[in-house]
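Encoded as structure tokens, the structure appears first; notes follow it.
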Amino acid sequence: MIKVSDNKKLLVGLEIGTAKVATLIGEILPDSMINIIGMGCCASQGMDKGGVNNLESVIKCVEYSINQAESMSGCQITSVYLSLSGKHISCKNEIGMVSISEEEVTQSDVDNVVHIAKSVKMSDEHRILHVIPQDYSIDYQEGIKNPVGLSGVRMQAKVHLITCHNDMAKNIVKAVERCGLRVDQLIFSGLSSSYAVLTQDERELGVCVVDLGGGTMDIAIYTAGALRYIKVIPYAGNVVTSDIAYAFGTPLSAAESIKLRYGCALESLVDRDENIEVPSVGGRPPRILQRYMLAEIIEPRYVELMNLVNKEILQLQSQLKQFNIKHHLAAGVVLTGGASMIDGLVACAQKVFHNQVRIASSINILGSIDDDIRGPQYSTVIGLLHYGKESHLNDDADIDKKIKIKNWIKKINGWLKKEF
């Protein structure tokens, strides 16, 4: 069995969600596509709204998912990129400023200004998860994406900080480490999903990604090519399932199955003559109910969930407008995650957002192991592979840079020896 750590072209993503635990092993191809060679998935236990509430149950789920992926790929997993969600995750935008040390901006200047921007006082309970540069300004020139090589006196950087609660992060990492694995990096689920489903054009035009999971909705909003805002709302697909279970007097597992098979987020799209069979509890016989009654339960809850997202969008747009930052979401709203897989959701969401809406499918992915792999339910774990790919490419670039510097120093030392 090949160890994943022995092959720099292989990456592993692990999503421990409220609804499922998913593991993917991906191979980075020369054209930067990712080929999925291993997959493991099981129903999640011990998780609620992104947090661990039963460590042993989570460990068992992770082990099962990892073993499945290893068996399929013939690889031994040693480390993973791990997603993280929960209402403890928050964000802030910060600014840093430095004097440009030479006549033009160097990578060292960029590193310094980003370091200053992220050096904000944090409470002991929280830590920075991500530092994401938005844009740079040099003297009077604003909106610069890459300042290296440009001339000026003073440079300013705007960065987006994503923070998390230390103990919440430690608990989910602990579950993975108890399985004998190392966590390469912890990544916010909403950021990960955006790596899987968004194009650069959408980021430039302005877009909101909503990852509808079982326990949380992860929101990420981009304008002018930069991440401006993230938010985790601790309500999602499970509240819809719960509504169905209580309204129809059916077990939660049956309610979930009915939702996925017959559910519709827009009652007007349902044929009023269509019937469905609903299991009962306590050994009672199943009942035959009209399908539109199911839609009458589902639609109001999805409208409520979409309105929670819309409220966040409107608040951010108002703030961006005040600072003269592009605030329009011309690319609309992209819905992803397992709870987005319901009939009528696009039409339902468009009524709330008054904007174009699409259900996402993952991009730049190959693999024939599962026909559903590109579906919205796997966007977070696929995004982890894309994030890992970017990290690898950046690491390789840093190594190349260090090798060039080393060779340059060797040449200078050689010249000096010849001279003296």
Side-chain angles (χ1 to χ4, degrees), residues 8 32 81 90-122 126-164 184-188 191-192 194-195 198 200-201 203-204 206 220-230 319-320 322-327 386-416:
K8 288 188 176 179
S32 286
Y81 285 88
S90 59
C91 69
K92 53 169 67 178
N93 294 313
E94 294 291 339
I95 294 174
M97 190 176 286
V98 294
S99 296
I100 296 167
S101 54
E102 304 293 334
E103 286 184 6
E104 60 182 42
V105 177
T106 63
Q107 186 58 48
S108 177
D109 291 322
V110 174
D111 295 341
N112 286 340
V113 76
V114 170
H115 178 76
I116 288 167
K118 74 175 185 179
S119 300
V120 293
K121 189 168 173 56
M122 301 278 296
H126 287 79
R127 65 171 162 125
I128 294 174
L129 196 59
H130 300 286
V131 180
I132 303 168
Q134 293 173 326
D135 55 50
Y136 302 87
S137 302
I138 297 175
D139 299 333
Y140 299 105
Q141 187 181 351
E142 297 179 344
I144 299 167
K145 295 299 180 188
N146 182 4
V148 175
L150 299 179
S151 299
V153 177
R154 191 174 285 105
M155 177 169 61
Q156 177 180 282
K158 293 178 184 174
V159 302
H160 187 72
L161 304 181
I162 300 178
T163 66
C164 68
D184 289 322
Q185 195 167 342
L186 204 52
I187 298 130
F188 168 51
L191 179 66
S192 177
S194 67
Y195 269 76
L198 288 187
Q200 188 55 37
D201 285 341
R203 289 185 178 92
E204 289 292 341
I221 302 176
Y222 293 79
T223 70
L227 182 61
R228 304 291 174 184
Y229 183 73
I230 64 98
Q319 291 169 17
L320 293 178
Q322 286 177 1
F323 292 103
N324 292 320
I325 299 169
K326 286 184 179 176
H327 62 281
H386 282 298
Y387 190 98
K389 177 188 73 178
E390 296 292 326
S391 296
H392 270 239
L393 292 174
N394 289 338
D395 289 346
D396 289 345
D398 288 343
I399 290 166
D400 288 344
K401 202 183 291 177
K402 283 173 185 172
I403 290 169
K404 281 177 185 174
I405 291 168
K406 222 174 190 177
N407 290 338
W408 184 68
I409 290 168
K410 271 184 185 174
K411 278 182 183 177
I412 290 175
N413 286 336
W415 293 334
L416 289 172

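Note that the structure is a prediction, hence the values are computed from the model and not measured.
Partners of Val131 by side-chain contact (heavy atoms from CB on, under 4.5 Å), not counting sequence neighbours, listed by chain and number: Val114, Lys118, Ile128, Val159, Leu161.
Distance alone, capped at 3.5 Å, is enough to place a donor-acceptor pair between the Asp139 side chain and the Arg154 backbone. Of the possible donor and acceptor atoms, one in the side chain of Thr223 sits under 3.5 Å from a partner among the backbone N and O of Lys326.
Donor-acceptor pairing under 3.5 Å is recorded for the side chains of Thr106 and Asp109. A donor atom on one side chain and an acceptor atom on the other are not found under 3.5 Å apart for Glu390 and Tyr195.
Minimum interatomic distance between Arg228 and Asp135 (heavy atoms only, all atoms of both residues): NH2-OD2, 4.0 Å. The two residues Ser391 and Gln185 have their closest heavy-atom pair at OG-OE1, 4.0 Å. Of all non-hydrogen atoms in Leu227 and Ala220, the two that sit nearest each other are CD1-CB, 4.0 Å. The two residues Pro147 and Val105 come nearest to each other via the heavy atoms O-CB, 3.3 Å. The two atoms that bring Ala224 and Lys145 nearest to each other are O-NZ, 2.8 Å, heavy atoms only. Across all non-hydrogen atoms, the minimal contact from Ala117 to Gly96 is CB-N, 3.5 Å.
Separating the CZ atom in Phe188 from the CG atom in Leu129 is a distance of 9.0 Å, to the nearest 0.5 Å. Rounding to the nearest 0.5 Å places OG of Ser137 at 5.5 Å from NZ of Lys158. Atom-to-atom distance recorded for His386:NE2 and Ser194:OG is 11.0 Å, nearest 0.5 angstrom. Taken to the nearest 0.5 Å, the CD1 atom of Ile116 stands 9.0 Å off from the CE atom of Met155. Residue Ile138 holds its CD1 atom at 4.0 Å from CD1 of Ile144, rounded to the nearest 0.5 Å. Here Thr163 contributes atom OG1 and His130 contributes atom NE2; the two are 10.5 Å apart, rounded to the nearest 0.5 Å.
Using a 4.5 Å cut-off on side-chain heavy atoms (C-beta onward), Ile230 and His160 make contact. Contact annotation: the side chain of Tyr81 never approaches that of Ser192 to less than 4.5 Å [non-hydrogen atoms, C-beta and beyond]. In this structure, Glu103 and Ser151 have side chains that are not in contact, with every pair of non-hydrogen atoms separated by 4.5 Å or more. When side chains are defined from C-beta on, Gln319 does not count as touching Tyr229, because their heavy atoms never get closer than 4.5 Å. Looking at heavy atoms from C-beta onward, Leu191 lies in side-chain contact with Ile132 at the 4.5 angstrom threshold. Side-chain contact between Leu186 and Arg127 is present, with at least one heavy-atom pair separated by less than 4.5 Å.
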